[in-house]
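Below: the structure, in structure tokens.
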Amino acid sequence: MKKWYPPIALACLLTCTQVSLAQDEPALEVDESYAPLTVNLNESGSKYVRFIIWNQFWATATENNPGTITDPDDEQDDWTTDLALRRARILAYAQISPRFLILTHFGVNNQSFVAGGVDGTNKKPQLFFHDVWNEYMVIPDKLYVGTGLHYWHGVSRLTNASTLNFMTLDAPIFNWPTIELTDQFARQFGFYAKGKLGQFDYRIALNKPFAAGSLTSLNQNFAVNIPTDNWATAGYFMYQFRDQESNKLPYMVGSYLGTKSIFNIGAGFYHHPEASAIQEGLTIEQQDHSLFGVDVFYEEPTASGGGISIYSVYYNYDFGDNYLRNVGILAINGNNAQPTIGTGSIWYTQAGYAFPKNDIGGQFMPYATLTYKDFEALEESSFQYSAGLNYFISGHNAKVTIEYANRPYFVNGQKDSSLAQVILQTHIFL
């Protein structure tokens with residue numbers, strides 16, 4: 001049990017410090033209001049360059065999958081602890097005319113003490129571009145078109161999620177169904193169009209996915225990815241019944257913390273022809289990636305100054321017969337990998353309540369998630385859940401989150417057990 005101590009001890013220390021500050025008299029007079037990091041290029045500010053910088057660090061305690069070996073002594077370990085860099089990013093975009101915009105976004109992800117580097121080492125991770133695109137206005141508000149390595153996705157709101165303002169500690173990963181397979185950290189090269197028609201918000205894309213997979217890995221029991229030069233199409237369409245959300249950038253907000261009244265219903269798709277294949281005797285049967293999602297997002301301020309946030313999404317994924325991917329974030333020899341993406345259906349719901357701000361502007365937000373997965377390749381379906389607590393020191397600009405999550409462990413297609421993970425995250429963005 002000793003491996004639980006580092007993340008839990010740090011979480012308690014940070015939380016108690018904030019609570020004690022909130023009880024101090026008189027209250028601290030600190031200006032923590034946020035002003036975007038913007039360089040104006042004219043006196044009116046209509047021409048500008050904006051910078052966004054963010055870091056997310058994780059301290060984790062993970063109950064390992066059976067048989068996991070993480071130490072040089074080759075002994076199996078029940079638990080593993082780690083301190084890791086989840087994300088470190090810099091984004092800049094510039095507009096010197098309402099007729100065009102340029103955006104560049106680069107950084108690193110998922111560096112731990114054993115992983116995240118280059119050439120098989122854990123140090124000096126690769127710095128790479130996440131987004132690089134050019135955008136042009138065709139009809140103000142109604143139609144913009146762009147091209148590049150972009151994040152204008154189909155399928156769901158969560159597929160377009162911003163990593164700056166999750167309500168939960170992180171995304172569930174299956175919201176990015178092609179992650180690090182036919183995309184570059186959820187981005188693909190392509191053309192996109194986006195805009196608003198009244199309360200109707202849309203984004204569509206024609207992409208050239210990255211080649212992935214190999215013909216040498218073909219199997220007669222389950223589909224695998226194969227290289228193809230076929231184009232993919234994607235789209236997400238949303239009707240906004242109440243407050244309108246900005247679509248200047250593709251990154252969709254996870255929670256407004258009680259500052260907006262939102263009720264949105266959306267639906268989306270992604271289609272990549274003949275991106276998978278299965279061996280049928282001496283022949284190869286190519287199969288499409290056909291992915292669909294429907295979702296609803298609801299936020300409502302409360303009279304006391306807090307807010308309720310609920311998001312629910314249903315995915316129907318078809319990557320080919322019995323297709324399945326196991327994924328583990330910051331995994332050490334697969335210690336936390338689980339069936340994550342595959343042919344089948346997923347239902348995911350998250351809900352949280354933001355309490356009113358305290359005397360120094362801090363805000364607590366407990367939340368919970370529930371996931372149901374039913375994959376064709378597995379004998380049975382599974383439920384899993386997580387529960388966490390955010391402490392917003394200054395909204396999403398500075399927060400600390402601790403989360404407990406469980407995950408299913410499968411043996412021969414059947415659920416064998418549930419395993420746990422505790423994560424503490426420190427997050428700041430400017």
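Sequential numbering from 1 along the given sequence is applied to the chain's residues.
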- prompt: Ile52 and Leu430: side-chain contact (heavy atoms from CB on, under 4.5 Å), yes or no, with the steps?
  reply: CA-CA 6 Å; Ile52 303 176; Leu430 301 175; over 6 Å; no
query: Could you walk me through whether Glu403 and Tyr367 pass the side-chain hydrogen bond (donor to acceptor under 3.5 Å, both in side chains) check?
result: CA-CA 9 Å; Glu403 179 180 285; Tyr367 66 85; 2.5 Å; yes
- request: Decide side-chain contact (heavy atoms from CB on, under 4.5 Å) for Leu101 and Lys248; before the verdict, give the C-alpha distance in whole Å, the side-chain angles of both, and the deciding distance to 0.1 Å.
  value: CA-CA 10 Å; Leu101 176 147; Lys248 185 178 187 68; 4.1 Å; yes
message: Working note: Phe210 + Phe189, criterion ring-ring contact (aromatic ring centres under 6.0 Å, His included); need CA distance, chi angles, decisive distance, verdict.
response: CA-CA 8 Å; Phe210 291 89; Phe189 288 121; 5.3 Å; yes
query: Given the rule in the salt bridge (Lys or Arg N to Asp or Glu O under 4.0 Å) test, do Asp141 and Lys196 qualify, once you have shown the distances and angles that lead to the verdict?
result: CA-CA 6 Å; Asp141 297 326; Lys196 285 178 176 286; over 6 Å; no
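Judged by distance alone, the side chains of Tyr315 and Trp347 never bring a donor and an acceptor atom under 3.5 Å apart. A donor-acceptor contact closer than 3.5 angstrom links the side chains of Ser276 and His289. Side-chain polar atoms of Arg87 and Gln56 form a donor-acceptor pair below 3.5 angstrom. Side-chain contact, Asn109 with Arg86: no donor N or O sits under 3.5 Å from an acceptor N or O. Side-chain N/O atoms of Gln350 and Tyr348 include a donor and acceptor closer than 3.5 Å. Side-chain polar atoms of Asn333 and Thr68 form no donor-acceptor pair below 3.5 angstrom. Gln425 and Trp58 share a side-chain donor-acceptor pair at under 3.5 Å. Residues Tyr251 and Asp131 have side chains that bring a donor and an acceptor to within less than 3.5 angstrom of each other. Side-chain polar atoms of Ser345 and Asn316 form no donor-acceptor pair below 3.5 angstrom. At a cut-off of 3.5 Å, with distance as the only test, no side-chain donor of Trp133 or Thr104 sits close to an acceptor on the other residue. Thr62 and Gln421 share a donor-acceptor pair across their side chains, judged by distance under 3.5 Å alone. Between Ser46 and Asn42, the side chains place a donor N or O and an acceptor N or O closer than 3.5 Å (distance only, hydrogens not considered). Side-chain contact, Arg325 with Asn225: no donor N or O sits under 3.5 Å from an acceptor N or O. Between the side chains of Thr159 and Ser156, at least one donor N or O sits under 3.5 Å from an acceptor N or O. With no hydrogens or angles considered, no side-chain donor-acceptor pair links Thr233 and His271 at under 3.5 Å. In this structure, a donor-acceptor pair under 3.5 Å is absent between the side chains of Lys124 and Gln111. Asn358 and Tyr391 share a donor-acceptor pair across their side chains, judged by distance under 3.5 Å alone. For Lys47 and Ser44, the side-chain atoms include no donor-acceptor pair closer than 3.5 Å.
With respect to Glu299 and Arg242, no salt bridge is recorded, no charged nitrogen being found less than 4.0 Å from a carboxylate O. Residues Arg157 and Glu245 are paired through a salt bridge, judged by an N-O separation under 4.0 Å between the basic side chain and the carboxylate. By the 4.0 Å N-to-carboxylate-O rule, Lys260 lies too far from Glu300 to be salt-bridged with it.
At least one side-chain heavy atom of Phe51 sits less than 4.5 Å from a side-chain heavy atom of Val39. Tyr311 is listed as a side-chain neighbour of Leu158, based on a closest heavy-atom distance under 4.5 Å. With a 4.5 Å cut-off on side-chain heavy atoms, Phe174 and Lys373 count as touching. Contact check for Val132 versus Leu103: no side-chain heavy atoms found under the 4.5 Å cut-off. With a 4.5 Å cut-off on side-chain heavy atoms, Phe297 and Ser309 count as touching. Counting only heavy atoms from C-beta outward, the side chains of Gln363 and Leu257 approach each other to under 4.5 Å. With contacts defined as side-chain heavy-atom distances shorter than 4.5 Å, the pair Asn64/Ile332 does not qualify. Looking at Thr178 and Tyr270, their side chains come closer than 4.5 Å, going by heavy atoms from C-beta outward.
Interatomic distance, CH2 of Trp176 versus CG of Asp183, reported as 10.5 Å (0.5 Å rounding). To the nearest 0.5 Å, the span separating OG1 on Thr340 from CD1 on Ile179 amounts to 11.5 Å.
For Arg203 and Tyr236, the positive end is not near the middle of the six-membered ring at less than 6.0 Å and at most 45° from its axis. Cation-pi geometry between Lys399 and Phe392 is not met at under 6.0 angstrom from the ring centre and within 45 degrees of the axis.
Gln184 places no side-chain N or O within 3.5 Å of a backbone atom of Glu180 that could act as its donor or acceptor partner. Not a single donor-acceptor pair under 3.5 Å links the side chain of Asp82 to the backbone N or O of Ala61. Remark: the backbone N or O of Gln240 is paired with a side-chain donor or acceptor of Gln199 at under 3.5 angstrom. Distance alone, capped at 3.5 Å, is enough to place a donor-acceptor pair between the Asn65 side chain and the Gly334 backbone.
For the pair Ser255 and Met167, the tightest heavy-atom approach, listed with the atom from each and the gap, is CB-CB, 3.8 Å.
The aromatic rings of Tyr151 and His153 lie perpendicular to each other, with more than 60° between the two planes, well past the 30° mark. Using cut-offs of 30° and 60° on the angle between ring planes, the pair Tyr192 and His150 is tilted. Using the six-membered ring where Trp is involved, His130 and Phe128 have ring planes that are parallel, under 30° apart on the 30 and 60° scheme.
Remark: aromatic rings of Tyr385 and Phe383 are distant, center separation not under 6.0 Å.
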